[in-house]
Colleague: 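One structure is given below, represented as structure tokens, and several questions about it will come after.
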There are 2 protein chains.
Amino acid sequence: MPTPERTSREAIVAVGRELLEAEGLAGLTMQAVADRVGVKAPSLYKRVRNRDELVRLITEATIDDLGEELRKAAAGPTDAPSLVAALALAFRAFAHRFPAGFHLIFAPGPVGTRPSYDAIVASSLPLLEVAGALAGPERALDAARTLTAWANGFISMELAGAFNLGGDVDEAFAFGIRTLTTALQAREVAQAVG
Amino acid sequence: MPTPERTSREAIVAVGRELLEAEGLAGLTMQAVADRVGVKAPSLYKRVRNRDELVRLITEATIDDLGEELRKAAAGPTDAPSLVAALALAFRAFAHRFPAGFHLIFAPGPVGTRPSYDAIVASSLPLLEVAGALAGPERALDAARTLTAWANGFISMELAGAFNLGGDVDEAFAFGIRTLTTALQAREVAQAVG
DNA sequence: ACCTGAACACCGTTCAAGT
DNA sequence: ACCTGAACACCGTTCAAGT
């Protein structure tokens with residue numbers, strides 16, 4: 001005799017994300033997710049293989065959201081420098097909204113928890129485009145990597161409290177945007193050195 | 001009647017670091033540490049308050065090692081651009097040697113696991129100095145933050161496998177060094193924009 | 001003064017038995 | 001076909017009892 005479904009994979013992932021942000025990764029227990037979703041813990045295993053897979057699904061959902069946010073931010077400006085700034089600010093705002101989920105994107109961890117490569121690539125497409133517009137097509141990949149590396153590192157350090165001492169953090173972020181935009185635009189200069 | 005000490009805090013932290021690198025954070029169990037150190041798990045609580053403190057001690061030991069490595073790398077070159085490159089390469093080499101420990105430095109986590117702010121500041125002194133030499137004293141902090149943010153982000157992404165697609169990663173890292181060195185040196189240019 | 005066995009709470013996961 | 005109680009292995013941690 002069939003039993004009505006009392007939850008769904010989507011609900012489990014959504015609740016998992018809330019729990020992750022509220023209680024941290026250690027607070028993301030199968031028991032806690034089950035409680036909030038209205039079933040007993042063993043029932044979760046009908047929807048996800050195990051906790052590692054749940055972590056991966058949460059990470060991928062976060063990546064998808066981030067990609068959406070970046071695509072929206074890229075809709076406004078038309079010149080490359082404004083686009084870079086808009087994307088960087090959207091990136092940072094998103095990380096502040098979902099710090100724990102954001103961290104999982106590039107965190108090491110058991111293999112089963114790591115997001116698919118495709119998800120990461122898809123979400124970073126807007127950035128690859130603007131990098132091409134800024135630094136030229138054959139420098140696009142290097143420029144995009146430099147930009148994301150900087151933004152990602154800045155935000156990781158900020159969230160870890162490494163910028164607590166001295167100075168306006170918003171201004172420091174703006175300084176980085178200016179510095180990198182200028183540098184990646186000035187292709188002759190960058191190539192003359194090294 | 002006193003009992004001879006069968007281990008030490010130093011041995012526990014050293015074994016903990018090995019275990020962390022070999023098995024990941026999830027493999028760093030009190031049981032596994034106790035086995036390798038030659039005592040039973042409850043004895044560890046005579047040396048560390050709990051597992052969170054052990055994680056913190058491991059992180060701080062890693063930070064100290066990193067600072068040492070950076071100080072050694074800074075001993076050679078005399079001109080600012082060569083110094084930046086030497087520090088960046090040493091930073092990356094260290095991260096490749098201790099990826100799990102490196103990640104803990106800026107990872108979120110239970111409060112008890114986070115390293116002291118002093119440890120982070122002390123280890124980044126060499127970088128603050130070269131940033132000053134490169135960008136001028138009043139831009140030193142911003143420049144140092146931009147450099148560490150980029151290097152840290154680059155390495156996080158690299159270790160997370162986000163650079164698997166396309167291109168020579170070593171060359172991409174060198175590209176970033178060149179780009180940032182040039183940009184932080186060219187103070188007029190950076191200030192003219194934005 | 002440090003060490004250990006025993007015990008407790010908690011967690012991930014499996015599975016037989018329910019509907 | 002999904003749900004649950006019971007059970008198992010494992011983990012962090014405490015503590016009384018040893019030496």
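Labels below follow one simple rule: chain letters A, B, ... track the order of the sequence lines, proteins then strands, and each chain is numbered from 1.
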Colleague: Round to a whole Å and report the spacing from NZ of B:Lys40 to C1' of C:dA7.
Modeller: 16 Å
Colleague: Has the side chain of B:Thr3 got a donor or acceptor atom sitting under 3.5 Å from an opposite partner on the base of C:dC3?
Modeller: no
Colleague: Taking the side chain of A:Thr29 as its heavy atoms from C-beta onward, which of D:dT13, C:dC3, C:dC11 lies nearest to it?
Modeller: C:dC11
Colleague: Check the distance between D:dG12's P and B:Gln31's CD and give it to me in whole angstrom.
Modeller: 8 Å
Colleague: Expressed in angstrom and rounded to an integer, what is the separation of B:Met30 atom CE from C:dC10 atom P?
Modeller: 19 Å
Colleague: Name the residue from B:Leu159, B:Val169, B:Leu87 that meets the side chain to side chain contact (heavy atoms under 4.5 Å, CB included) definition with B:Arg92.
Modeller: B:Val169
Colleague: What is the distance from CG of B:Leu25 to C1' of D:dC11, rounded to the nearest Å?
Modeller: 14 Å
Colleague: Rounded off to whole Å, could you give me the CG-to-P distance for the B:Leu44 and D:dG12 pair?
Modeller: 10 Å
Colleague: Looking at D:dA1, I'd like to know if its phosphate oxygens (OP1 or OP2) sit under 4.0 Å from a side-chain N or O belonging to A:Arg47.
Modeller: no
Colleague: Looking only at heavy atoms, what is the nearest atom pair of A:Ala73 and A:Pro77, with distance?
Modeller: O-CD, 3.6 Å
Colleague: By nearest atom, which of the nucleotides D:dC3, C:dT13, C:dT4 is closest to the B:Val39 side chain?
Modeller: C:dT4
Colleague: Are the side chains of B:Ser43 and B:Arg6 in contact, using a 4.5 Å heavy-atom criterion?
Modeller: no
Colleague: With hydrogens left out and only the distance checked, is there a donor-acceptor pair under 3.5 Å joining A:Ser43's side chain and the base of D:dT4?
Modeller: no
Colleague: Expressed as a whole number of angstroms, how long is the span from B:Glu5:CD to D:dT19:C1'?
Modeller: 15 Å
Colleague: Considering only heavy atoms from C-beta outward, does the side chain of A:Phe154 approach that of B:Thr146 to under 4.5 Å?
Modeller: no
Colleague: Heavy atoms from C-beta onward define the side chain here; which of C:dT4, C:dC2, D:dA6 lies closest to that of A:Pro42?
Modeller: D:dA6
Colleague: Choosing from D:dT13, C:dG5, D:dA1, which nucleotide comes nearest the side chain of B:Tyr45?
Modeller: D:dT13
Colleague: Find the distance A:Arg6:CZ to D:dT4:C1' and express it as a whole number of Å.
Modeller: 9 Å
Colleague: Which is more 5' along DNA chain C, the nucleotide nearest B:Ala41 or the one nearest A:Ala41? Just name the residue.
Modeller: B:Ala41
Colleague: Would you write the dot-bracket representation of DNA chain C, where each base gets (, ), [, ], | or . depending on whether it forms a Watson-Crick or G-U pair under 3.5 Å and with which partner?
Modeller: ||.|||||...|||||.||
Colleague: Enumerate the ring pair (Phe, Tyr, Trp, His ring centres under 6.0 Å) contacts for residues 21-43 of chain B, please, sequence neighbours excluded, ordered by first and then second residue.
Modeller: none
Colleague: Between A:Lys46 and A:Val39, is there a side-chain heavy-atom distance shorter than 4.5 Å?
Modeller: no
Colleague: Write down the distance between CZ (B:Arg51) and C1' (C:dC11), rounded to a whole number of angstrom.
Modeller: 13 Å
Colleague: Considering non-hydrogen atoms only, spot the tightest contact between A:Ser123 and A:Ile120 and give its length.
Modeller: OG-O, 3.0 Å
Colleague: Select base, sugar-phosphate, or nothing to describe what B:Arg49 touches, counting heavy atoms under 4.0 Å on all strands.
Modeller: nothing
